[in-house]
Participant: 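Please find one structure pasted underneath; my questions will follow.
Bear in mind the structure is a predicted one, so any value in this text is a computation, not a measurement. Just follow the structure's listing: the first ligand is 1, and inside any ligand the first atom is 1.
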Amino acid sequence: MPYPIVALVGYTNAGKSTLFNRMTQASVLSADMLFATLDPTLRSIDLPHGIRVILSDTVGFISDLPTMLVAAFRATLEEVIEADVILHVRDMSHEDTQAQSQDVAKILGELGIEANDRRLIEVWNKVDRLDADGRAQLTNQAERQPSDNRPVPVSAITGEGLDHLTAAIEARLGEGRLTMDLTLDIADGAGMSWLYRHAEVLSKEMTEDGKMAVTVRADPKNADMVRRKFLPPVPVEY
Ligand SMILES: Nc1nc2c(ncn2[C@@H]2O[C@H](COP(=O)(O)OP(=O)(O)OP(=O)(O)O)[C@@H](O)[C@H]2O)c(=O)[nH]1
Ligand SMILES: [Mg+2]
């Protein structure tokens, strides 16, 4: 897949599809026509800082799913395993929100996605249905979590909180990516174009001794290649 995948998962009726529609509303990419035709649950969107991702809606979880449907349900969820970010959408206005969340966590666990998986972001949806007290309580609860693992209160209906959500997605996508400072020979045009193909070139500057200082960011897989190609091997100590 050329773009990172952001999958929406959650209990049935949590608001996944509403959120999906809300987040893709502004996107009018022509490529989407193809996507929408091939698979209405996939759509590409551009995040505020320019990263293009594919948003993937999924079927909702239900506690007492008929056995004959379990296999089909599992099959549709397999895609989630490969997602780069997993949004666990919760209906925070539902009286059973806690139990629903546990059901979802259990199924994710069976797919190998544990609660502490860095790809997971909890989306606390339907905050518009809460009164002032309920909201304040949620906000407090969210803010007690470490900032890099904080649930994001939103309303897919009013659009409230969606800016925080896209920021959280961007932050998670950025996490796995490593920034490296490299020095290239000024004549190494091939090296430079290789870098443009395999990494994001953040800056490029001539040094006093006539070399090229380049700062790049790459995902872990490519970062390793960059390191091997451009950085001196780490000396082994005996
Ligand atoms: N008030 C309010 N209602 C919402 C919000 N998000 C979704 N809903 C409503 O909740 C209901 C379910 O929304 P969907 O988006 O279909 O939920 P879903 O998670 O896709 O459900 P499944 O696909 O069946 O799993 C709809 O009636 C939505 O209008 C929200 O933020 N606030
Ligand atoms: Mg849906």
Side-chain angles (χ1 to χ4, degrees), residues 5-27 32 35-45 53-83 85-111 113 115 119-143 150-169:
I5 299 192
V6 178
L8 296 156
V9 302
Y11 207 80
T12 187
N13 220 41
K16 298 175 294 298
S17 301
T18 309
L19 187 60
F20 177 85
N21 288 329
R22 182 90 198 184
M23 290 176 81
T24 56
Q25 226 168 37
S27 106
D32 271 347
F35 265 134
T37 316
L38 288 176
D39 187 344
T41 67
L42 290 178
R43 194 115 193 229
S44 68
I45 59 166
V53 300
I54 292 170
L55 205 59
S56 164
D57 194 8
T58 68
V59 291
F61 301 4
I62 309 173
S63 301
D64 41 12
L65 199 65
T67 319
M68 56 179 289
L69 288 180
V70 170
F73 170 74
R74 286 290 149 87
T76 65
L77 274 184
E78 294 286 309
E79 291 174 30
V80 176
I81 298 172
E82 279 160 36
V85 172
I86 301 163
L87 304 180
H88 175 188
V89 183
R90 294 180 56 187
D91 176 354
M92 298 310 283
S93 72
H94 198 288
E95 53 179 3
D96 292 332
T97 186
Q98 207 55 44
Q100 292 179 344
S101 173
Q102 280 160 10
D103 283 349
V104 172
K106 182 164 167 279
I107 293 169
L108 288 177
E110 288 165 13
L111 292 170
I113 302 159
R119 294 174 298 161
L120 272 176
I121 298 176
E122 270 203 35
V123 182
W124 286 358
N125 193 30
K126 304 201 190 182
V127 292
D128 61 286
R129 298 193 65 198
L130 304 176
D131 59 16
D133 271 1
R135 269 164 181 265
Q137 222 176 325
L138 272 198
T139 311
N140 278 335
Q141 210 180 322
E143 279 170 2
R150 196 168 278 168
V152 189
V154 304
S155 165
I157 293 277
T158 69
E160 179 184 347
L162 293 194
D163 48 343
H164 290 127
L165 179 57
T166 49
I169 296 170

Participant: When you measure from atom 32 (N) of ligand 1 to every protein heavy atom, which one gives the shortest distance, and what is it?
Facilitator: Asp128 OD1, 2.7 Å
Participant: Measure the OG-CE distance between Ser155 and Met92 for me, rounded to the nearest 0.5 Å.
Facilitator: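 That separation rounds to 13.5 Å.
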Participant: Should we say atom CD of Gln137 is surrounded by more than 12 heavy atoms from elsewhere, each under 6.0 Å from it?
Facilitator: no
Participant: Verify, without hydrogens or angle tests, whether Arg90 (side chain) and Ala14 (backbone) share a donor-acceptor contact under 3.5 angstrom.
Facilitator: no
Participant: If you leave out waters, which protein N, O or S atoms are less than 2.8 Å from the Mg ion (ligand 2)?
Facilitator: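 As for protein N, O or S atoms lying under 2.8 Å from the Mg ion (ligand 2), they are Ser17 OG.
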Participant: Hey, what do you get for CD1 (Ile169) to CD1 (Ile86), rounding to the nearest 0.5 Å?
Facilitator: 12.0 Å
Participant: Please confirm whether the backbone N or O of Leu42 pairs with a side-chain atom of Ser56, one donor and one acceptor, at under 3.5 Å?
Facilitator: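 Answer holds: no.
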Participant: Heavy-atom distances under 4.0 Å decide this one: backbone, side chain, both or neither, for Asn125 against ligand 1?
Facilitator: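 Just the side chain.
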Participant: Which atoms from ligand 1 have a heavy atom of Gly60 less than 4.0 Å away?
Facilitator: 25 (O)
Participant: Does any N or O in the side chain of Arg43 come within less than 3.5 Å of the main-chain N or O of Gln25, such that one atom is a donor and the other an acceptor?
Facilitator: no
Participant: Look only at the side chain of Asp103 and the backbone of Ser63, and say whether a donor-acceptor pair between them is shorter than 3.5 Å.
Facilitator: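 No; judged by distance alone, with no hydrogens or angles, the pair does not exist.
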Participant: Testing the basics here: between Gly15 and Ala156, what is the closest heavy-atom pair and its distance to 0.1 Å?
Facilitator: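 Closest heavy-atom pair between Gly15 and Ala156: O-CB, 4.4 Å.
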Participant: Nearest protein heavy atom to atom 9 (C) of ligand 1, by residue and atom, and its distance?
Facilitator: Lys126 NZ, 3.9 Å
Participant: Going by a strict under-4.0 Å cutoff (protein heavy atoms only), does atom 27 (O) of ligand 1 have a neighbour on the protein?
Facilitator: no
Participant: Which distance, rounded to the nearest 0.5 Å, do you find between the OG1 of Thr18 and the CG of Asp57?
Facilitator: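 It is 9.0 Å, given to the nearest 0.5 Å.
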Participant: Ala14 near ligand 1, heavy-atom distance under 4.0 Å?
Facilitator: yes
Participant: Starting from atom 4 (C) of ligand 1, which protein heavy atom do you reach first, and at what distance in Å?
Facilitator: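 Result: Ile157 CG1, 3.4 Å.
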Participant: Nearest protein heavy-atom contact for atom 18 (P) of ligand 1: which residue, which atom, what distance?
Facilitator: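 That would be Lys16 N, 3.5 Å.
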Participant: Provide, to 0.1 Å, the distance between atom 21 (O) of ligand 1 and the closest protein heavy atom, together with that atom's residue and name.
Facilitator: Asn13 N, 3.0 Å
Participant: Distance check, rounded to the nearest 0.5 Å: Gln102 atom CD versus Thr97 atom OG1?
Facilitator: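 It comes to 10.0 Å.
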Participant: So which atom in Ile113 and which in Arg119 form the shortest heavy-atom distance, rounded to 0.1 Å?
Facilitator: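 Answer, listing the atom of Ile113 first, then Arg119: CG1-NH2, 3.6 Å.
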Participant: Against Asn13, only a single residue in His94, Gln100, Lys126 fulfils side-chain contact (heavy atoms from CB on, under 4.5 Å); can you say which?
Facilitator: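 Among the candidates, only Lys126 passes.
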Participant: Scan the protein's non-hydrogen atoms and note whether one is under 4.0 Å from atom 7 (C) of ligand 1.
Facilitator: yes
Participant: Using a 4.0 Å cut-off to any heavy atom of Thr12, which atoms of ligand 1 qualify?
Facilitator: 22 (P), 24 (O), 25 (O)
Participant: Considering only protein heavy atoms, which is closest to atom 23 (O) of ligand 1, and at what distance to one decimal place?
Facilitator: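 For atom 23 (O) of ligand 1, the nearest protein heavy atom comes out as Ser17 OG, 4.0 Å.
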Participant: Among all protein heavy atoms in this structure, tell me which lies nearest to atom 15 (O) of ligand 1, with the distance rounded to 0.1 Å.
Facilitator: Thr18 OG1, 2.5 Å
